[in-house]
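Computed from a prediction, not measured in an experiment: that's the story for all the values here.
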Amino acid sequence: MKTTWVTFYSYKGGVGRTNALANVAGRLAKMGRRVLMIDFDLEAPGLDSYPEFSDGRKEGVVEYVHRFLQDRETPPIENYVHLCPADDLVAGTLWLMPSGLRDEKYPSRLHSIDWTGMYVDEIAAPLIANWKTAVERKFSPDYVLIDSRTGLTDIGGVCTLHFPDINVLLLALNSQSLEGTAGVLRSISQASESRPIETLTIASPLPSMTAQEFKEASERARGVLGRQLAGRISYNAAVAGMEHVWTVDEKPASDVASQYEMLAKLITGRAKDGIDFYLTRAEEMFKTGDMTAADEIGDHLVEQYGDRLVALRMAAKMARINRRREKASELAKMILDKYPFDLDSFHWLVAEFGASNDITGLKGFLGDISGRLRKWPSSFSRLLEMFLEIGHVYMRIQDYATAFLSYMRASELLPQDERNDVVVTFNALEAKRRDLTAVPADALVLWQNLIEDADAAVQNAIQVGSTDDSRDANYAANTFQALSGVYAIVGNLDQAKELLLRAERLANTMNPAVKIFSVIDYDQVSRDRFLEQNQVMLQALARGELWDGMKVPVVPPRP
C-alpha cells in the first residue's frame with residue numbers, strides 16, 4: 001500500500017495554487033480516494049478557510065513541529081490532523097493538517113521554528129521521515145497534498161525536495177515567474193539524483209487568449225523551462241473570488257472544474273505502486289483482453305485496498321466480466337455494506353435474485369437495504385434516488401403496498417416546496433392504484449392535482465426528446481407512456497392517446513438494442529417490447545380502459 005506525496009508550489013503568488021490543491025483534493029475524494037492535505041504555507045495559510053475542509057481553527061503543522069522541538073520526539077500525529085466535514089458526494093475521505101491554531105501565540109510559535117538550524121543540527125531529516133511514516137501508518141492515505149509557501153525559502157525547499165514524490169509547479173507565463181520556476185526545477189533535478197521526484201508544470205491562471213497566442217506563450221515557456229507545460233488552468237473570476245471546492249459539486253458550475261479534474265488525472269497517472277497504479281493496470285489488461293491478469297489485479301486490489309469503494313468496484317467489474325458470479329455477488333454485498341447507495345451493486349444483486357427466482361431472498365435484501373438507508377441523515381441527497389429504485393423493484397415483483405411505502409419515504413425526503421414532485425407523486429399514486437386495483441373516490445383529487453405538474457413534465461419531455469442524446473430520448477419515451485395514465489384517469493383521453501403515440505414515434509427512432517423503462521413492467525425493456533406494450537395500452541384506451549383493465553376515466557363522486 002503506497003502513499004503518493006504531492007507538493008503544490010509556485011515561485012510567485014497569485015497563481016491559484018491553494019485553489020488548485022483544494023479542488024484536486026475534492027476531485028480525488030469524490031473519486032473515492034483517501035486524501036490528506038497539509039497546509040505548509042505557514043505565513044499565509046488558507047486551506048482551513050474552505051468550508052468544505054474545516055469547521056473551526058485547530059492545531060496543525062506549527063504546533064506539531066514546535067512540540068517536536070520541545071520534546072525531541074515525534075508527537076502523536078492524530079492530534080494535529082482533522083477529519084473534514086462529510087459530504088454525500090464524496091465517496092472517499094478527506095483530512096486536513098492545518099497550518100496551526102491562529103491565536104495570539106501563533107506568530108511566536110511559528111518564528112521559533114528555525115528550519116536551517118534544524119538541518120544544521122541534523123534533526124530535520126528524521127522529523128520529516130517520522131512525520132511521513134506517522135501519516136501513512138495512522139491514516140493510510142492514497143495521496144498527501146502539501147500546500148507550500150511561495151518563493152525560494154527554507155520551507156519551500158522542505159516541501160519541494162524532502163516531502164514529495166511529485167511536485168506540481170504552478171506558474172504565470174511572464175518572465176519573472178518562468179525564470180524563478182526554472183531555477184526551482186534545477187534544484188529538484190539535482191535532488192532527484194538520489195530520490196526520483198516528478199514535476200508537473202501548470203500554467204495558471206491563464207488569461208483569455210487565442211490558440212495562436214497560447215501556442216506562442218507555450219513555446220516561450222518551453223524555452224525557459226526546458227520542458228513542455230503539462231497543463232493549464234484558465235482564469236475564472238468566480239473561482240478567484242471565493243474559497244469553494246468546485247469539483248465536489250453535483251454539477252460543477254464552473255468550467256474550470258474540468259481543468260482541475262484533468263490536473264487530478266495527471267497526478268493519478270504518475271502514482272507509483274499505489275491504488276491508481278493498480279486501477280490503471282487493470283483497465284489496461286481489460287483493454288488488451290487479458291482478463292485473467294485483470295482479475296488477478298482485482299484480487300490484489302481487494303487484498304490491499306478492501307476498504308476503498310473504488311477498489312471493490314473495479315474487482316467486481318472484473319469478476320462480472322470473467323463470469324465469476326458468486327465472487328461478483330460477494331463483492332457487491334461488500335460494497336453495499338460500506339455504501340448502501342451504490343446503484344450498480346444494487347442492480348446486480350437484484351438481477352441475481354431475479355435470475356434464481358428467489359423472491360423471498362429479494363424481499364429480504366430490499367428490506368435490509370431500506371432499513372440501513374433509514375439510519376442515514378435525511379440530508380443525504382442520494383437517499384431519495386435509492387428509495388425510488390427500491391420502490392421500482394417492489395413494483396416489479398408486484399408488492400405494491402411496500403412499493404407505496406418506499407415512494408412515500410422518497411416523498412418525505414423532498415424539500416417542503418417540492419413535495420408534489422411529479423416523479424415521486426406519480427409512482428406513489430400508481431403503486432396505491434395497483435395495490436387497490438382501483439382509484440378510490442377520495443384519491444381522485446390527488447390524480448387531478450398532478451395534472452399541472454404532468455403538463456410541465458410533458459413539455460420538458462417534448463424538448464429533451466428532440467435532442468440527439470439517447471438518454472434524453474429514453475427519458476422522454478418513458479415520460480410520455482407513464483403520464484398517459486394520469487390523463488386517462490382524470491378524463492382527458494385524447495391527451496392520453498397523444499402521449500402514447502408520441503412514445504411510439506420516439507421509440508421507433510431508437511436503436512433496437514436500446515433499453516427503455518416501461519411503466520407496465522417497471523423495468524428496462526427492449527425497444528420492441530416497449531413498443532408492444534405501448535400498443536397494448538393504446539388498444540386498452542380505445543376500450544375505455546387502462547392496460548390492466550381498470551375503467552377510465554374515473555368517475556368523480558357525486559356532491
Side-chain angles (χ1 to χ4, degrees), residues 2-25 27-28 33 35-42 46-47 61 97 115 124-125 128-129 131-132 135-136 141-173 176-205 221-222 224-233 259-260 262-274 276-277:
K2 174 73 167 63
T3 296
T4 300
W5 291 72
V6 185
T7 289
F8 284 67
Y9 172 87
S10 59
Y11 177 74
K12 297 288 288 183
V15 296
R17 184 194 67 248
T18 301
N19 250 335
L21 185 152
N23 279 277
V24 167
R27 175 59 181 170
L28 291 172
R33 310 304 189 265
V35 183
L36 193 150
M37 300 170 287
I38 300 178
D39 194 341
F40 236 115
D41 189 0
L42 304 181
L47 283 173
V61 172
M97 189 176 192
W115 287 99
I128 293 171
W131 192 339
K132 293 180 69 172
V135 164
E136 293 179 7
D142 300 312
Y143 296 92
V144 176
L145 308 184
I146 300 172
D147 193 16
S148 171
R149 185 181 177 185
T150 60
L152 299 176
T153 63
D154 292 337
I155 290 176
V158 169
C159 293
T160 56
L161 302 179
H162 302 290
F163 271 108
D165 302 300
I166 303 170
N167 276 306
V168 177
L169 307 182
L170 291 101
L171 63 147
L173 296 182
Q176 189 178 29
S177 184
L178 286 168
E179 292 290 348
T181 303
V184 174
L185 281 168
R186 287 191 291 271
S187 298
I188 295 171
S189 177
Q190 292 169 4
S192 295
E193 293 176 3
S194 58
R195 184 177 70 86
I197 304 173
E198 294 210 40
T199 54
L200 294 170
T201 49
I202 307 295
S204 174
R222 186 166 69 90
V224 176
L225 300 174
R227 65 178 61 204
Q228 293 278 10
L229 293 171
R232 58 179 177 173
I233 298 173
Q259 295 177 345
Y260 290 134
M262 182 57 67
L263 177 52
K265 186 175 181 180
L266 287 172
I267 291 169
T268 59
R270 283 161 174 75
K272 305 298 183 186
D273 197 28
D276 281 296
F277 175 77

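- Nearest heavy atom pair, residue Lys272 against residue Thr4, reads N-OG1, 4.4 Å.
- Taking the six-membered ring where the residue is Trp, Phe163 and Trp131 present perpendicular rings, their angle passing 60° and hence far from 30°.
- Residue-environment remark: NZ (Lys2) exceeds the threshold of 12 foreign heavy atoms within 6.0 Å.
- At least one side-chain heavy atom of Leu170 sits under 4.5 Å from a side-chain heavy atom of Ile233.
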### Task
Output, in order, the C-alpha distance, side-chain angles, deciding distance and verdict of side chain to side chain donor-acceptor pair (under 3.5 Å) for Asn19 and Tyr260.
CA-CA 9 Å; Asn19 250 335; Tyr260 290 134; 4.7 Å; no
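- Distance check, rounded to the nearest 0.5 Å: OH of Tyr143 to OG1 of Thr3 gives 10.0 Å.
- Of the listed residues (Ile197, Val184, Leu185, Val6), just one forms a side chain to side chain contact (heavy atoms under 4.5 Å, CB included) with Asn167, and that residue is Ile197.
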### Task
Check the pair Ile188 / Tyr9 against side chain to side chain contact (heavy atoms under 4.5 Å, CB included), numbers first and verdict last.
CA-CA 12 Å; Ile188 295 171; Tyr9 172 87; over 6 Å; no
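- Rounding to the nearest 0.5 Å gives a distance of 7.5 Å between OG of Ser148 and CG of Asp41.
- Here the closest non-hydrogen pair linking Ser177 and Ala172 is OG-N, 3.1 Å.
- Rounding to the nearest 0.5 angstrom, the gap separating the CE atom in Met37 from the OG1 atom in Thr18 is 11.0 Å.
- Separation of atoms CD1 (Ile146) and CG (Leu47) is listed at 11.5 Å; rounding is to 0.5 Å.
- Side-chain contact check for Leu171 versus Tyr11: every heavy-atom pair is 4.5 Å or farther apart.
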### Task
Evaluate the side chain to side chain contact (heavy atoms under 4.5 Å, CB included) criterion for residues Val135 and Met97: first the C-alpha distance (whole Å), next the side-chain angles of each, then the deciding distance (0.1 Å), finally the verdict.
CA-CA 10 Å; Val135 164; Met97 189 176 192; 5.6 Å; no
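- In terms of heavy atoms, Gly46 sits closest to Asp39 at N-OD2, 3.0 Å.
- Taking CG from Leu229 and CD1 from Ile202, the interatomic distance works out to 7.5 Å, rounded to the nearest 0.5 Å.
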### Message
Let's go through Arg17 and Asp147 carefully: what are the C-alpha distance in whole Å and the side-chain angles of both, what is the deciding distance for side chain to side chain contact (heavy atoms under 4.5 Å, CB included) to 0.1 Å, and is it a yes or a no?
### Response
CA-CA 8 Å; Arg17 184 194 67 248; Asp147 193 16; 2.6 Å; yes
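- Taking CD1 from Ile267 and CG from Asp165, the interatomic distance works out to 11.5 Å, rounded to the nearest 0.5 Å.
- The shortest heavy-atom contact between Leu173 and Ala203 is CD2-CB, 4.0 Å.
- Although no hydrogens or angles enter the test, the distance criterion places a donor-acceptor pair under 3.5 Å between the side chain of Ser204 and the main chain of Val15.
- Using modelled atom types, one finds no donor on one side chain facing an acceptor on the other under 3.5 Å when comparing Thr268 with Arg33.
- Not counting sequence neighbours, the partners of Arg270 by the side-chain contact (heavy atoms from CB on, under 4.5 Å) test are Ile166, Glu198, Leu200, Leu266.
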